[in-house]
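Written out below as structure tokens is the structure these notes cover.
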Amino acid sequence: MAALFTCCLGCCGDGGTGHIPLKEMPNVQLDTHHMGTDVVIVKSGRRICGTGGCLANAPLHQNKSYFEFKIQSTGIWGIGVATQKVNLNQVPMGQDINSLVLRHDGSMYHNNEEKNRLPANSLPQEGDIVGITYDHVELNLYLNGKNMHCPASGIRGTVFPVVYVDDSAILDCQFSDFYHTAPQGFEKILFEQQIF
């Protein structure tokens, strides 16, 4: 019996716990494998500048997702959701069925159709935080933590957060550690392995 006990301890290595370390989940960030040719991604995948668009590296699989963008420098920009078929070199987005975006002028576009519009006195400015909720049917906007009651829908399929910039715009993406509390029932984007 003592030999069996010694063997079991010996199999665990040099005093180790016998646990196999789990692979750490990657961070949600902008995906340098899915970006326009003239896009520049810096700050560990959180800042976009240049010209064109970029998808995040995680699709929106869970029921209710939340993420934010901070406008560091104004110009031409857009934020929202898109499929992997979106043309990341086309600015502005929202011109086809593959993207649903809020544009810098406050309009929300999908399939070249204006789906909604922010109130004229609520256009995002430099330093503002735009939050986005998405529940697989409807996209909603929050400006500096306040619900804009500006829903839009119509996009189908697996979507990813998307952002595009042009004309000197610089935007920072926040996929966790939010500036504002996520609306009730919504949470940060989870990788598929985290959901199950």
Side-chain angles (χ1 to χ4, degrees), residues 26-60 65-118 120 122-134 139-145 148 150 152 154-155 158-180 188-189:
N27 290 325
V28 178
Q29 60 190 35
L30 294 175
D31 188 350
T32 55
H33 295 102
H34 292 97
M35 66 181 201
T37 54
D38 294 324
V39 168
V40 178
I41 304 296
V42 294
K43 291 195 133 203
S44 301
R46 289 191 44 236
R47 177 170 286 178
I48 183 172
C49 44
T51 299
C54 187
L55 296 175
N57 64 345
L60 303 180
S65 305
Y66 178 75
F67 49 99
E68 295 175 334
F69 293 93
K70 182 173 185 178
I71 301 163
Q72 295 291 359
S73 180
T74 57
I76 294 172
W77 56 265
I79 54 178
V81 295
T83 70
Q84 284 190 320
K85 293 180 180 178
V86 69
N87 181 350
L88 295 169
N89 290 306
Q90 183 179 46
V91 173
M93 288 185 185
Q95 297 181 48
D96 58 25
I97 61 170
N98 297 310
S99 58
L100 169 61
V101 296
L102 167 68
R103 295 177 177 174
H104 69 282
D105 65 0
S107 62
M108 295 180 68
Y109 266 82
H110 170 65
N111 202 18
N112 210 29
E113 180 183 334
E114 186 173 310
K115 295 292 189 173
N116 212 330
R117 179 173 283 279
L118 288 173
S122 296
L123 296 182
Q125 305 294 319
E126 194 168 296
D128 283 346
I129 310 295
V130 180
I132 293 180
T133 59
Y134 184 70
L139 183 141
N140 273 290
L141 302 171
Y142 294 75
L143 184 59
N144 297 318
M148 292 286 92
C150 191
I155 195 164
T158 300
V159 298
F160 296 74
V162 69
V163 56
Y164 70 80
V165 291
D166 195 9
D167 195 29
S168 301
I170 300 172
L171 272 71
D172 283 356
C173 308
Q174 202 68 28
F175 297 113
S176 62
D177 303 321
F178 300 119
Y179 293 100
H180 300 280
K188 69 180 183 177
I189 299 165

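The shown structure was predicted, so the numbers you read here are calculated from the model rather than taken from an experiment. The first residue of the sequence shown is numbered 1, and numbering continues consecutively from there. Every heavy atom of this structure was used, including side-chain atoms; hydrogens, water molecules and symmetry mates were not.
Evaluated for a side-chain hydrogen bond (donor to acceptor under 3.5 Å, both in side chains) with D172, the options R47, K70, K43 yield exactly one hit, R47. Here the options are V165, I48, L171, I170, the test is side-chain contact (heavy atoms from CB on, under 4.5 Å), and the partner is Q72; only I170 passes. Looking at T158, L55, L139 one by one, the single match for side-chain contact (heavy atoms from CB on, under 4.5 Å) with V81 turns out to be L139.
Of the possible polar contacts, none joining the S99 side chain to the V101 backbone as a donor-acceptor pair under 3.5 Å is found. Although no hydrogens or angles enter the test, the distance criterion places no donor-acceptor pair under 3.5 Å between the side chain of E114 and the main chain of R117. With T133 contributing its side chain and L141 its backbone, the two residues share no donor-acceptor pair below 3.5 Å. Side chain of D105 to backbone of S107: a donor-acceptor contact under 3.5 angstrom is found. The main-chain N or O of H180 is found under 3.5 Å from a side-chain atom of E68 such that the two form a donor-acceptor pair. Side chain of N89 to backbone of T37: a donor-acceptor contact under 3.5 angstrom is found. A donor-acceptor pair is defined here as one N or O able to donate and one able to accept, closer than 3.5 Å; such a pair exists between the side chain of N57 and the backbone of N27.
The closest side-chain heavy-atom distance from P92 to Y164 is below 4.5 Å. A heavy-atom distance below 4.5 Å is found between the side chains of Q84 and F160. The shortest side-chain heavy-atom distance between P124 and L118 falls under the 4.5 Å cut-off. For the pair Q95/Y109, no side-chain contact is recorded, criterion being any heavy-atom separation below 4.5 Å from C-beta on. Side-chain contact between S122 and M148: present, with at least one pair of heavy atoms (C-beta onward) separated by less than 4.5 Å. The shortest side-chain heavy-atom distance between P59 and V159 does not fall under the 4.5 Å cut-off.
Using cut-offs of 30° and 60° on the angle between ring planes, the pair Y142 and Y66 is perpendicular.
Across every non-hydrogen atom of M93 and N87, the tightest pair is CE-O, 3.9 Å. In this structure, G106 and L123 approach most closely via the heavy-atom pair CA-CD2, 3.5 Å. Across A82 and I155, no two heavy atoms sit closer than the pair CA-CD1, 4.0 Å. For L30 against F175, the heavy-atom pair with the smallest separation is N-CE1, 4.2 Å. Between L100 and K115, the shortest heavy-atom distance links the atoms CD1-CG, 4.4 Å. In plain terms, the two heavy atoms of C150 and N140 that are nearest each other are C-OD1, 3.9 Å.
A donor atom on one side chain and an acceptor atom on the other are not found under 3.5 Å apart for R46 and Q29.
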(request) Using the side-chain contact (heavy atoms from CB on, under 4.5 Å) rule, take V130 and L143 through it: C-alpha gap first, then chi angles, then the decisive distance, then the call. (result) CA-CA 5 Å; V130 180; L143 184 59; 4.1 Å; yes

(message) Evaluate W77 against V163 for side-chain contact (heavy atoms from CB on, under 4.5 Å), listing each step before the verdict.
(response) CA-CA 7 Å; W77 56 265; V163 56; 5.8 Å; no

(request) Quick one: do I41 and M35 satisfy side-chain contact (heavy atoms from CB on, under 4.5 Å)? Show the steps, please. (result) CA-CA 9 Å; I41 304 296; M35 66 181 201; 3.5 Å; yes

(request) Please step through side-chain contact (heavy atoms from CB on, under 4.5 Å) for the pair L88 and V39, ending with a clear verdict. (result) CA-CA 9 Å; L88 295 169; V39 168; over 6 Å; no

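Going from atom CZ of F69 over to atom CG of L102 covers 10.0 Å, rounded to the nearest 0.5 Å. Put simply, CD1 on I71 and CG on D128 are 5.5 Å apart, with the number rounded to the nearest 0.5 Å. Here CD of Q174 is found 13.5 Å from CD1 of I132. Values are rounded to the nearest 0.5 Å.
Annotation for I129: atom CD1 counts as buried by contact number, over 12 foreign heavy atoms lying within 6.0 Å. Atom CG of N112 sits in a crowded spot, with more than 12 heavy atoms from other residues, nucleotides or ligands closer than 6.0 Å.
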